[in-house]
Amino acid sequence: MEVFDAVVERRSIRMFKDKPVDYAILERCVDAARLAPSAMNSQLNEYVIVDDTRLLAEVLDSVSLWGGVTKPEGGWTPEKKPVAYIIVLINLELEKERGCGRSNTFLDIGLAMENMVLVALEQGVGTCIMTGIDKKRIGEIINAPKKFEVAALLALGYPDEKIVLETTFHSVKRWVDEEGVRHVPKRKLEDILYRNRFE
Ligand SMILES: Cc1cc2nc3c(=O)[nH]c(=O)nc-3n(C[C@H](O)[C@H](O)[C@H](O)COP(=O)(O)O)c2cc1C
C-alpha cells in the first residue's frame, strides 16, 4: 500500500467486527510506535496492550467521548465494540530526565500513534485515537505504577462500518446518512496551503 493511499484510506473507526486481532499485529503496532521520531530522541512513551475480555469492558467504560457523543448515563452499550486497546503512557521519570517540554511530549505521542494507526491499517485493522477518556480510571484498570501518566488510547478492531470523505467543508461536524454511512468532512487543500509567505 502506497503511503499516500493509506493516508487517504485511513479513517477513525468506531464500529468493529466481533473478531479478535492477533496479538502479533498489536505488538507490531507498538513496534512501529517505538520507531517513531521523538524530540531529542527522548522516547518517553510506553504502551499497554489490552485484549482481555474483562479489561476491555472496563476500558470501554472509561471512554467519555465516542464520535462526538458523551457517555450516556447507563454507560456504553455498543454491539460493535473494539476488540483491543493500546494505552499510551508517558514515563514521567524519563520525561523529567530527558523531556523537552510538554508540547514536545504530546507531539511525540501523536507521531507514535499515527505510526500505530497506519501499521494497523496495513493489516486491515481499524483504529480510533481517543483522548476523551478517564485517564485516572484507565491507570487504575491497568494498575499503572506511579511513574506513568496515561496520555491516550487507541481502540482497535476489524472495521464494520462504511465511511466516506467529504471535500465540501462547511463545518467540522461528521454525519451518518440513512444507509448508515459516516461522512467525514475535510478542509480543502487550497484553503490551508500557502507558499513562502502571506501577501
Ligand atoms: C488527539 C485526538 C483525540 C481524539 N479523541 C477522540 C475521542 O475521544 N473519541 C472519539 O470518538 N474520537 C476521537 N478522535 C477521533 C477524531 O474524532 C477523528 O480523527 C476526526 O473526527 C476526523 O475523522 P478521521 O479520523 O476519520 O479523519 C480523536 C482524534 C485525535 C487526533
Side-chain angles (χ1 to χ4, degrees), residues 1 3-16 29 32-33 36-39 44-45 47-48 50 56-72 75-90 102-122 124-139 141 149-177 179-189 191-192:
M1 188 187 283
V3 174
F4 189 78
D5 293 343
V7 168
V8 173
E9 196 184 312
R10 180 215 63 82
R11 296 274 64 78
S12 290
I13 301 295
R14 299 181 188 82
M15 295 169 87
F16 304 92
C29 291
S38 61
L44 307 178
N45 302 122
Y47 304 85
V48 176
V50 175
L56 286 175
E58 290 187 35
V59 173
L60 176 66
D61 193 54
S62 66
V63 174
S64 46
L65 204 60
W66 191 275
V69 177
T70 310
K71 184 173 143 181
W76 302 108
T77 49
E79 284 171 32
K80 300 180 173 184
K81 44 189 178 291
V83 298
Y85 297 97
I86 298 175
I87 297 162
V88 182
L89 304 171
I90 302 164
R102 269 271 136 152
S103 56
N104 278 322
T105 298
F106 278 92
L107 269 177
D108 294 352
I109 288 167
L111 293 163
M113 293 196 84
E114 186 70 346
N115 271 13
M116 293 200 280
V117 165
L118 293 176
V119 166
L121 177 71
E122 190 186 38
V125 173
T127 53
C128 187
I129 294 171
M130 294 186 166
T131 56
I133 54 176
D134 183 339
K135 295 178 178 176
K136 188 170 168 283
R137 177 73 197 117
I138 291 179
I141 294 166
E149 175 182 325
V150 173
L153 183 69
L154 188 67
L156 303 102
Y158 290 96
D160 198 11
E161 66 173 322
K162 192 163 185 296
I163 305 180
V164 292
L165 274 182
E166 295 294 338
T167 44
T168 42
F169 182 87
H170 301 296
S171 111
V172 295
K173 286 238 159 59
R174 301 138 282 172
W175 72 94
V176 180
D177 67 23
E179 268 137 38
V181 177
R182 178 178 281 269
H183 298 256
V184 179
K186 296 286 179 185
R187 296 173 73 187
K188 289 188 182 135
L189 181 62
D191 291 344
I192 59 161

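Everything numeric here is computed off the predicted structure, so don't read it as measured data. As the structure lists them, so they are numbered: ligands from 1, and atoms in each ligand from 1.
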Protein residue, atom and distance nearest to [atom], heavy-atom basis:
| atom | answer |
| --- | --- |
| atom 16 (C) of ligand 1 | Arg14 NH2, 3.7 Å |
| atom 7 (C) of ligand 1 | Leu65 O, 3.6 Å |
| atom 20 (C) of ligand 1 | Arg174 NH1, 4.3 Å |
| atom 2 (C) of ligand 1 | Ile129 CG2, 3.8 Å |
| atom 11 (O) of ligand 1 | Gly67 N, 2.5 Å |
| atom 27 (O) of ligand 1 | Lys186 NZ, 2.6 Å |
| atom 26 (O) of ligand 1 | Ser12 N, 2.8 Å |

Taking the side chain as everything from C-beta on, heavy atoms only, tell me whether [X] gets closer than 4.5 Å to [Y].
| X | Y | result |
| --- | --- | --- |
| Leu154 | Tyr85 | no |
| Tyr47 | Leu89 | no |
| Thr127 | Ile13 | no |

Do any N or O atoms from the side chain of [X] and from the backbone of [Y] form a donor-acceptor pair under 3.5 angstrom?
| X | Y | value |
| --- | --- | --- |
| Glu161 | Arg14 | yes |
| Asp108 | Ala39 | yes |
| Trp76 | Val63 | yes |

Should [X] be counted as touching ligand 1, given the test is an N or O pair under 3.5 Å?
| X | result |
| --- | --- |
| Gly132 | yes |
| Trp66 | no |
| Val184 | no |

query = Out of Ile163, Ile109, Val172, Thr131, whose heavy atom is nearest to atom 5 (N) of ligand 1?
reply =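 Going through Ile163, Ile109, Val172, Thr131 one by one, Thr131 has the nearest heavy atom to atom 5 (N) of ligand 1.
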ask   = What part of Ala152, side chain, backbone, both or neither, has a heavy atom within less than 4.0 angstrom of ligand 1?
value =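 Ala152 to ligand 1: no contact under 4.0 Å from either part.
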request  = Step through the shown structure and confirm whether more than 12 heavy atoms of other residues, nucleotides or ligands are within 6.0 Å of NZ on Lys81.
outcome  =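 No, not enclosed.
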inquiry  = In terms of relative ring orientation, are His183 and Trp175 parallel, tilted or perpendicular, with 30° and 60° separating the classes?
reply    =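 Parallel: the ring planes of His183 and Trp175 meet at under 30°.
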